[in-house]
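Input: a single structure, listed below in structure tokens.
The model shown is predicted, which means the values in this text are computed figures rather than measured ones. By convention in this document, chain letters (A, B, ...) are assigned in the order of the sequence lines, proteins followed by strands, and residues within each chain are numbered from 1.
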Amino acid sequence: MRAGGQGPSEKLAMDAIFRDLTEAQREAVEHIEGPMLILAGPGSGKTRVVTHRIANMLNHGVRPWQIAALTFTNKAAEEMRLRVDSLAPGQPVLIGTFHRFCAQLLRRHASMVGLSENYSIYDTSDSKQAMKRAIAAAGVSTTHASPEQIASSISHAKNRLTTAEMMEGHALTPKDAIAARVYPVYQKQLLTANAVDFDDLLLHIAHLLRENPEIREELDTKYKYILVDEYQDTNLAQYAIVRALSINAPNLAVTGDPDQSIYGWRGADLNNILDFEKDYPSVKTVRLEQNYRSTPNVLRVADQLIRHNRRRKPKKLYTDNDEGSPVILRFYEDGYQEADSIVDEIANAINSQGLRPNDFAIFCRMNAMTRSLEHAFRNRSLPYQIVNGQEFYQRREIKDLLAYLHLINNPNHDVALTRIINVPTRGIGAKTIDKIRNHADQHGLTMLEAARQANTIEGLAKRSASMVRKFIQIYDNLSVKATAPLEDLLRYLVEATSFEDHLEKTSVDQQDGNSLANVDELISAAVEFDRQHPDDGSLEAFLEQVALVSDTDAFDGTNDRVTLMTLHAAKGLEFPHVFIIGVEDDMLPHKRSKENEADFEEERRLLFVGITRAKNWLQLSCCKRRTIRGDVRPVIPSPFLNELPLEEMRRVETTRDQDWFDQDPYADEDSFDQGYPDSWDIPTDDTSKIKNDTPVDQVESASQIIADETTQLPEHELAAAAARNKKKQASAAIASSLKTAADLLSNPPTPLRAYCEGMLVRHSEHGDGTIVSVTGRGPKRIARVRFEDEERSFRLAFADLQVLDD
DNA sequence: CCCCTGTTATTTTTT
DNA sequence: ATAACAGGGG
């Protein structure tokens with residue numbers, strides 16, 4: 001059925017479009033001409049409104065190619081495409097991310113900004129490499145600003161549409177001043193390499209539109225109706241682009257929620273949405289405040305929290321959903337217990353309540369926090385997925401192969417050349433590469449061109465030059481296949497470089513057995529791409545697609561797995577049961593967010609986004625100590641916790657079994673555990689609130705907490721959890737005796753003795769020795785041991801040292 | 001030039 | 001804990 005068809009079919013479509021809409025939703029869907037602002041709270045059916053609106057526009061004779069719907073993530077774009085397609089099948093409406101939209105525009109108009117159409121998109125690590133080279137070339141010292149800081153400063157400038165020349169004018173902070181010196185060099189390098197970074201995609205288009213009125217007008221009229229999703233996350237560049245395309249045809253409809261703005265660090269400007277009504281005085285504003293997703297319990301917690309933000313538009317969140325169960329605030333001893341216990345609870349809930357793994361999601365502030373969870377899931381053999389899709393394309397072997405493809409597609413791609421000129425190793429070392437680079441810089445050549453002149457490069461050994469020629473030979477052979485189907489190209493590449501031999505050689509010691517499998521997976525992706533793009537199956541398009549995939553795209557809701565992801569990645573999703581871990585000071589208001597109020601409020605919004613993902617059930621948790629980059633630190637609960645309606649929440653303390661606690665290897669070292677006992681209250685004047693008003697439950701079982709049943713977690717499972725927790729701290733010798741719960745019950749370990757001077761110990765490798773000194777405390781405690789003919793130091797917490805009885 | 005080893009710095013969030 | 005980096009022996 002075609003949208004906009006005749007008679008009965010149109011009626012059917014209209015019915016499908018308007019059925020079950022609330023008054024506010026209908027109002028938004030019916031709107032076609034003129035600017036519109038849809039303020040949509042979480043779970044208010046925003047995507048539904050947007051997609052139905054598109055369908056309605058098509059029904060009213062708007063041509064599909066006149067509509068451009070812009071999102072931030074591919075995931076959101078796909079979702080929208082899917083839902084538009086079910087209402088108006090097969091309509092070529094442009095739905096895509098800002099970056100992809102710009103990338104495609106830039107292909108067409110590349111020459112306007114000094115690029116050619118086969119330009120490459122540098123990913124973060126590519127631009128990091130380029131940045132280092134630019135810093136060196138600019139002769140800038142990195143003592144006062146790290147390459148990362150310089151990169152971030154330049155990135156921010158680009159997001160604010162500030163060019164290198166403009167930045168020179170008004171130097172601001174010392175760091176920006178340093179960045180201002182690198183910026184023009186970096187930019188010039190990108191241009192020579194015929195490449196752009198992510199920010200450039202937006203920046204180039206914004207400038208293009210500003211400086212070429214004809215092009216601007218042509219595109220403005222072409223994309224007569226523009227929709228922007230998550231408008232609160234737009235930065236100045238995106239704002240400029242959208243505005244430039246809405247002058248002749250000011251039919252700009254934006255949706256967003258100021259309370260869900262979480263990309264300020266990437267340059268998003270909350271003012272864009274807060275001031276939209278000023279930008280377009282004739283705007284029609286629709287507020288979607290009814291929530292269809294969450295229980296009142298969840299919603300009240302979210303609302304109480306977000307009230308504390310000052311920069312926002314107050315809004316009412318309400319729902320007709322059932323009350324549901326109270327939100328849980330849970331305390332754990334440490335991150336390991338947190339992980340084990342959450343996984344146990346999920347496993348039990350699945351067994352006893354007929355829930356599925358994909359009913360659950362666990363959110364965290366940092367990707368690193370998924371590690372301990374991953375272990376716990378593996379121990380339990382519960383299916384899980386960690387949403388960071390970049391991982392595959394970040395693997396070394398994949399990046400290497402892609403670098404070959406990049407160089408074939410764009411011979412100017414110096415970063416790619418540097419990456420693969422000696423992969424597999426072919427006798428071209430760092431020195432040789434430096435010489436090629438210098439030669440290129442001196443003569444204004446790309447590195448590939450410079451490499452072609454290897455013979456004439458001064459000071460380059462004959463041997464090296466011939467190695468370089470060999471590489472050029474391989475490259476030229478590959479280039480011939482550039483227009484072949486991707487699959488053929490890749491297979492030829494793998495063969496011509498003996499890539500598989502190379503992998504086998506270099507991954508001997510690693511458990512990298514999958515690197516070969518990864519190559520196969522890449523080939524499969526190529527096959528798939530060939531299939532989807534039979535005619536235009538260009539290398540360029542494939543590389544663009546790969547460059548613009550993101551973490552969040554990896555999420556697959558149809559997989560029956562528990563989902564682990566960052567709070568940022570969770571935006572736009574919903575799950576029946578949600579755990580938010582690490583709601584801790586310096587973690588959830590992240591340490592680096594505390595310098596200014598704007599950043600701090602963004603952290604609050606981040607938690608708000610997390611909370612409002614939950615449909616039926618929610619737990620926030622917080623540990624008493626957490627292992628951060630190797631060592632254990634005491635933790636202060638997040639100040640946000642005191643902003644929640646604690647009196648209606650359920651507080652749960654999970655302590656470790658006392659017997660186990662006593663056997664702590666450091667128990668008699670008077671250090672370590674004593675740091676926290678009473679510092680453990682929420683650090684505000686409001687402490688009493690959480691301590692006294694809420695009943696403190698002791699250890700509760702998983703199903704008890706999730707379903708209010710009273711089954712008790714079997715004792716051995718608690719012990720097993722405790723054993724897993726212990727492993728990290730106990731010495732290897734002791735830990736190995738604690739492998740299973742059964743072991744545990746039949747062979748209670750002997751209490752540990754504190755190591756001290758003069759003690760006789762045995763090491764599996766070095767043999768017997770005597771402790772000459774013991775220093776440090778806690779996990780950093782180090783013993784110096786004298787063996788027969790040498791002296792060594794060991795971190796006691798991890799060392800393989802067995803105490804010998806006299 | 002290659003590879004192994006030990007040392008050092010580094011860690012938010014992502015298109 | 002991990003990765004990037006530097007230095008030394010082969």
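At least one side-chain nitrogen or oxygen of Thr432(A) sits closer than 4.0 Å to the OP1 or OP2 atom of dC1(B). Side-chain nitrogen and oxygen atoms of Lys132(A) include at least one within less than 4.0 Å of the OP1 or OP2 phosphate oxygen of dC5(C). For Asn74(A) and dT15(B), the shortest distance from a side-chain N or O to OP1 or OP2 is not below 4.0 Å.
Here the side chain of Asn422(A) is nearest to one of dT14(B), dC2(B), dT15(B), namely dC2(B). Checked against dT15(B), dT14(B), dC2(B), the side chain of Ala569(A) finds its nearest nucleotide in dT14(B).
Counting to the nearest Å, the C1' atom of dC1(B) and the CZ atom of Arg463(A) are 8 Å from each other. In this structure, CG of Leu548(A) is placed 16 Å from P of dT14(B), rounded to the nearest angstrom.
Going from the P atom of dA4(C) to that of dT13(B) covers 15 Å, rounded to whole Å.
Partner of Gln187(A) under the side-chain hydrogen bond (donor to acceptor under 3.5 Å, both in side chains) criterion, out of Thr163(A), Asp200(A), Asp197(A): Asp200(A) alone.
Here Phe72(A) does not lie in a stacked arrangement on the base of dT15(B), lacking the combination of planes under 30° and ring centres under 5.5 Å apart.
Side-chain contact between His144(A) and Ile178(A) is present, with heavy atoms from C-beta onward closer than 4.5 Å.
Taking the six-membered ring where the residue is Trp, the centroids of Phe600(A) and Phe640(A) are separated by under 6.0 Å.
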